[in-house]
**Student:** 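Dumping the structure here so I can ask a few things about it.
What's counted below: heavy atoms across the whole structure, side chains too, no hydrogens, waters or symmetry copies. Please read all numbers here as calculations on a predicted model, not as lab measurements.
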Amino acid sequence: MSVNNSEFGECFQSVEVNLKVAIQPVYSAQPIDAVKEQLNNLLFKYSESIGGVPLSYSALHFSKGKEYARIMADQFWLHVDVSTKLVVFKPTVGQKIQGKINKVANNHVSVLILALFNASINEDELSRDHTYNASTRSWNSSARELKEGETVEFTVASFQHANGVVHIDGALI
């Protein structure tokens with residue numbers, strides 16, 4: 001995955017993580033496949049321990065000095081230590097970001113970032129410089145028109161997550 005930071009600000013980070021993974025014995029011949037399966041389940045969901053949304057992983061390998069699986073006490077799972085590099089979506093308040101407007105209403109504008117993440121700019125923010133035009137379903141100012149399909153740049157006003165899903169509230173620039 002290639003990310004242009006000039007377009008999306010510093011919302012993306014590459015982080016090296018070390019993970020302890022428990023895998024079923026059926027995967028003993030191909031333990032890396034079990035690890036990949038578990039990593040794939042982490043993608044595109046907010047992770048509290050990572051502090052963002054993992055989008056991809058690369059350079060997956062067993063941790064140095066711990067290339068062998070271990071059996072702990074009376075558990076039948078095989079335990080392995082792995083390291084990988086993650087690309088993480090991790091916006092912070094105040095960062096600039098761009099997205100495509102996918103809905104315009106009289107009380108907000110919905111924005112889609114990378115076709116993955118929802119953001120909204122509420123009526124209080126919009127009404128400072130814009131007025132809503134019901135016939136064109138757009139928010140207009142002397143400088144621009146905010147309508148479906150247009151790209152808009154904004155700053156992250158807040159970032160929330162619940163059950164792995166993220167939402168961003170935006171402020172116009």
Side-chain angles (χ1 to χ4, degrees), residues 1-19 21 33 35-61 82-173:
M1 173 174 197
S2 172
V3 175
N4 179 351
N5 271 343
S6 64
E7 183 178 350
F8 297 104
E10 299 300 320
C11 293
F12 297 92
Q13 295 179 7
S14 178
V15 296
E16 181 90 21
V17 295
N18 298 308
L19 304 167
V21 181
D33 291 342
V35 172
K36 287 179 180 178
E37 188 176 309
Q38 289 191 34
L39 282 171
N40 289 340
N41 288 332
L42 293 175
L43 298 179
F44 305 108
K45 298 176 202 155
Y46 185 85
S47 168
E48 196 75 47
S49 61
I50 296 168
V53 179
L55 301 176
S56 67
Y57 61 90
S58 62
L60 175 63
H61 60 277
V82 296
S83 296
T84 189
K85 193 176 282 190
L86 298 173
V87 173
V88 180
F89 180 67
K90 204 172 188 174
T92 58
V93 172
Q95 285 183 325
K96 289 183 184 178
I97 196 164
Q98 280 186 1
K100 184 175 260 191
I101 298 172
N102 63 342
K103 182 178 180 187
V104 176
N106 64 343
N107 60 352
H108 75 286
V109 168
S110 292
V111 181
L112 203 52
I113 303 161
L114 286 177
L116 291 173
F117 303 104
N118 290 313
S120 63
I121 304 169
N122 68 33
E123 179 183 16
D124 292 339
E125 173 64 30
L126 291 164
S127 63
R128 291 182 189 161
D129 299 322
H130 295 73
T131 54
Y132 181 70
N133 183 329
S135 63
T136 61
R137 294 183 56 191
S138 63
W139 283 87
N140 303 310
S141 73
S142 59
R144 65 179 160 198
E145 179 181 34
L146 300 174
K147 62 182 181 179
E148 251 182 65
E150 296 291 317
T151 299
V152 62
E153 185 174 31
F154 59 95
T155 59
V156 176
S158 69
F159 177 79
Q160 302 94 32
H161 60 88
N163 300 323
V165 178
V166 300
H167 179 76
I168 297 168
D169 288 316
L172 291 173
I173 299 175

**Student:** So, do Leu114 and Phe12 sit near enough that their side-chain heavy atoms are less than 4.5 Å apart?
**Tutor:** yes
**Student:** Would you please test Leu42 and Leu86 for side chain to side chain contact (heavy atoms under 4.5 Å, CB included) and show each step?
**Tutor:** CA-CA 11 Å; Leu42 293 175; Leu86 298 173; over 6 Å; no
**Student:** Parallel, tilted or perpendicular: which one describes the rings of Trp139 and Tyr132, with boundaries at 30° and 60°?
**Tutor:** tilted
**Student:** Look up atom OG1 in Thr151 and atom NZ in Lys100, then write down how far apart they are to the nearest 0.5 Å.
**Tutor:** 6.0 Å
**Student:** Apply the side-chain contact (heavy atoms from CB on, under 4.5 Å) test between Leu146 and each candidate in Val104, Val111, Ile101; give the one that qualifies.
**Tutor:** Ile101
**Student:** For the residue pair Ile97 and Cys11, what are the closest heavy atoms and their distance?
**Tutor:** CD1-SG, 3.6 Å
**Student:** His61 side chain to Ala59 main-chain N or O, any donor-acceptor pair under 3.5 Å?
**Tutor:** yes
**Student:** Determine the minimum heavy-atom distance between Ile168 and Pro91, stating which atoms define it.
**Tutor:** CD1-CG, 4.1 Å
**Student:** Strictly distance-based, threshold 3.5 Å: is any side-chain N or O of Thr84 a donor or acceptor partner for the main-chain N or O of Ser58?
**Tutor:** yes
**Student:** Are side-chain heavy atoms of Val53 and Val166 found at a separation under 4.5 Å?
**Tutor:** yes
**Student:** Evaluate the criterion side chain to side chain contact (heavy atoms under 4.5 Å, CB included) for residue pair Glu145 and Glu150; output intermediate values, then yes/no.
**Tutor:** CA-CA 9 Å; Glu145 179 181 34; Glu150 296 291 317; over 6 Å; no
**Student:** Take Leu112 and Asn118, measure what side chain to side chain contact (heavy atoms under 4.5 Å, CB included) needs, and give me the verdict at the end.
**Tutor:** CA-CA 5 Å; Leu112 203 52; Asn118 290 313; 3.4 Å; yes
**Student:** Among Val17, Asn18, Leu39, Leu60, whose side-chain contact (heavy atoms from CB on, under 4.5 Å) with Val82 holds?
**Tutor:** Leu60
**Student:** Holding to side-chain hydrogen bond (donor to acceptor under 3.5 Å, both in side chains), I want the full list of residues that pass it with Asn140, two or more places apart in sequence or in another chain.
**Tutor:** Ser138
**Student:** More than 12 heavy atoms of other residues, nucleotides or ligands under 6.0 Å from NZ of Lys90: is that the case?
**Tutor:** yes
**Student:** Is the Phe117 ring parallel, tilted or perpendicular to the Phe89 ring (thresholds 30°, 60°)?
**Tutor:** parallel
**Student:** Mind listing the closest non-hydrogen atom pair of Glu48 and His161 along with its distance?
**Tutor:** OE1-CE1, 3.1 Å
**Student:** Just jot down the ring-ring contact (aromatic ring centres under 6.0 Å, His included) partners of Tyr57, sequence neighbours excluded, or say none.
**Tutor:** none
**Student:** Evaluate whether atom CZ of Arg144 has more than 12 neighbouring non-hydrogen atoms of other residues, nucleotides or ligands under 6.0 angstrom away.
**Tutor:** yes
**Student:** For Thr131 and Asn133: C-alpha separation, side-chain torsions, deciding distance, then whether side chain to side chain contact (heavy atoms under 4.5 Å, CB included) applies.
**Tutor:** CA-CA 6 Å; Thr131 54; Asn133 183 329; over 6 Å; no
**Student:** Do you know which two heavy atoms are closest between Pro54 and Ser47, and how far apart they sit?
**Tutor:** CD-CB, 4.4 Å
**Student:** For a quick test of your reading: what N or O donor-acceptor pairs under 3.5 Å do the side chains of residues 119-129 make, sequence neighbours left out?
**Tutor:**
from, atom 1, to, atom 2, distance (Å)
Ser120, OG, His167, NE2, 3.1
Ser120, OG, Asp169, OD1, 3.4
Asn122, OD1, Asp124, N, 3.1
Asn122, OD1, Glu125, N, 2.9
Glu125, OE1, Arg128, NH1, 3.0
Glu125, OE2, Leu172, N, 2.9
Ser127, OG, Glu123, O, 3.0
Ser127, OG, Asp124, O, 3.4

**Student:** Keeping the roles fixed (side chain from Gln95, backbone from Thr92), state whether a donor-acceptor pair exists under 3.5 Å.
**Tutor:** yes
